[in-house]
Amino acid sequence: MLQTMVVALSLSTDAFAVSVSESAASRRRLPASRLAGIALSFGLFEGLAPIIGYWLASSFLTVGAPHNRLIAFVVLALIGGRAIWRCLRAPTPRTAVIASPGVVTLVALAAATSIDGGAIGVPLALLGQNFILSLLVIGAATFLMAFVGFRLGRKIGDRAGRWAELVGGVGLIAVGLNVLLRPTPL
């Protein structure tokens with residue numbers, strides 16, 4: 001369960017970073033009910049995205065195979081490395097696109113932040129995690145992180161979102177290393 005929580009928080013850091021960034025760049029403050037709706041869309045997309053990876057992994061790979069740990073580690077390390085790379089590259093100046101988000105903008109942002117979640121379905125399938133519980137934890141963590149990001153964005157600024165992504169990337173790599181190096185059989 002601890003690994004699931006670390007993965008959920010690590011995955012939700014991109015939604016947090018987008019939320020903080022959008023809030024910091026926005027010229028107007030949205031009501032809490034609107035922010036909750038936006039955060040819910042982020043949580044739903046992130047929570048449901050692993051279904052794709054889970055389906056692919058369970059369709060093509062054998063659960064309990066000796067290479068599962070290595071595959072899970074590689075997927076988690078790639079996602080974590082990508083998050084770290086995004087954090088460390090030079091920021092580009094931007095303006096808020098979510099100040100008055102339409103459905104298309106909202107879906108595009110939620111889908112973009114949940115792409116990594118699709119890949120997380122692979123290790124979840126290979127490692128025999130409680131899949132439904134994992135989806136719920138990932139969705140709830142993303143909802144909370146996005147909501148908090150929107151509420152705090154103006155106060156903590158865009159830079160905090162970048163640090164959250166760095167921590168999330170390190171967290172995913174740490175979970176991958178734990179999966180790869182733990183002595184107990186799957």
Problem set entry | CA sep, side-chain torsions, deciding dist, call: L11, V7, side-chain contact (heavy atoms from CB on, under 4.5 Å) | CA-CA 6 Å; L11 283 177; V7 166; 4.0 Å; yes
Problem set entry | Hydrophobic cluster membership, I38 vs L40, 4.5 Å side-chain cutoff | no
Exercise. What distance separates I132 CD1 from L135 CG, expressed to the nearest 0.5 Å?
Worked result: 5.5 Å
For this session: For side-chain contact (heavy atoms from CB on, under 4.5 Å), just list the numbers for L152 and V20, CA-CA rounded to whole Å, side-chain angles, deciding distance to a tenth of an Å, and then say yes or no.
Result: CA-CA 7 Å; L152 296 178; V20 166; 5.7 Å; no
Exercise. Can you tell me how far the CZ atom of F45 sits from the CD1 atom of I138, to the nearest 0.5 Å?
Worked result: 15.5 Å
For this session: Any chance you could measure S134, atom OG, to M5, atom CE, to the nearest 0.5 Å?
Result: 12.0 Å
Exercise. Same hydrophobic cluster for F131 and I79, using side-chain heavy-atom links shorter than 4.5 Å among ILVMFWY?
Worked result: yes
Seminar exercise, completed: With sequence neighbours left out, the residues meeting ring pair (Phe, Tyr, Trp, His ring centres under 6.0 Å) with F73 are none
For this session: Following the transitive rule for hydrophobic clusters with a side-chain heavy-atom cut-off under 4.5 Å over Ile, Leu, Val, Met, Phe, Trp and Tyr, establish whether L172 and Y54 coincide in one cluster.
Result: yes
Problem set entry | Cluster check F42, L35: I/L/V/M/F/W/Y, side chain < 4.5 angstrom | yes
Exercise. Looking at residues at least two apart in the chain, or sitting in another chain, which of them share a side-chain contact (heavy atoms from CB on, under 4.5 Å) with V6?
Worked result: L2, S10, V175
For this session: Could you pull out all residues at least two apart from R82 that satisfy salt bridge (Lys or Arg N to Asp or Glu O under 4.0 Å)?
Result: D116
Problem set entry | Non-neighbouring partners of A49 that pass side-chain contact (heavy atoms from CB on, under 4.5 Å), sequence neighbours left out | S114
For this session: Over all heavy atoms of both residues, which pair between G47 and P50 is shortest? Give the atoms and the distance, please.
Result: O-CD, 3.5 Å
Exercise. V137 and V167: same hydrophobic cluster, using ILVMFWY side-chain contacts below 4.5 Å?
Worked result: no
For this session: Output yes when a side-chain donor or acceptor of S19 lies under 3.5 Å from a complementary backbone atom of A146, and no otherwise.
Result: yes
Exercise. Between T142 and D14, is any pair of side-chain heavy atoms under 4.5 Å apart?
Worked result: no
Exercise. Say you draw a straight line from CE of M145 to CZ of F150; how long is it, rounded to the nearest 0.5 Å?
Worked result: 13.0 Å
For this session: Apply side-chain contact (heavy atoms from CB on, under 4.5 Å) to I84 and list each qualifying residue two or more places apart in sequence or on a separate chain.
Result: L88, L166, V170, I173
Exercise. Apart from W85 itself, which Ile, Leu, Val, Met, Phe, Trp or Tyr residues share its cluster (side-chain heavy atoms under 4.5 Å, direct or through members)?
Worked result: none
For this session: Tell me, with the steps shown, if L133 and T4 meet side-chain contact (heavy atoms from CB on, under 4.5 Å).
Result: CA-CA 9 Å; L133 179 61; T4 301; 5.7 Å; no
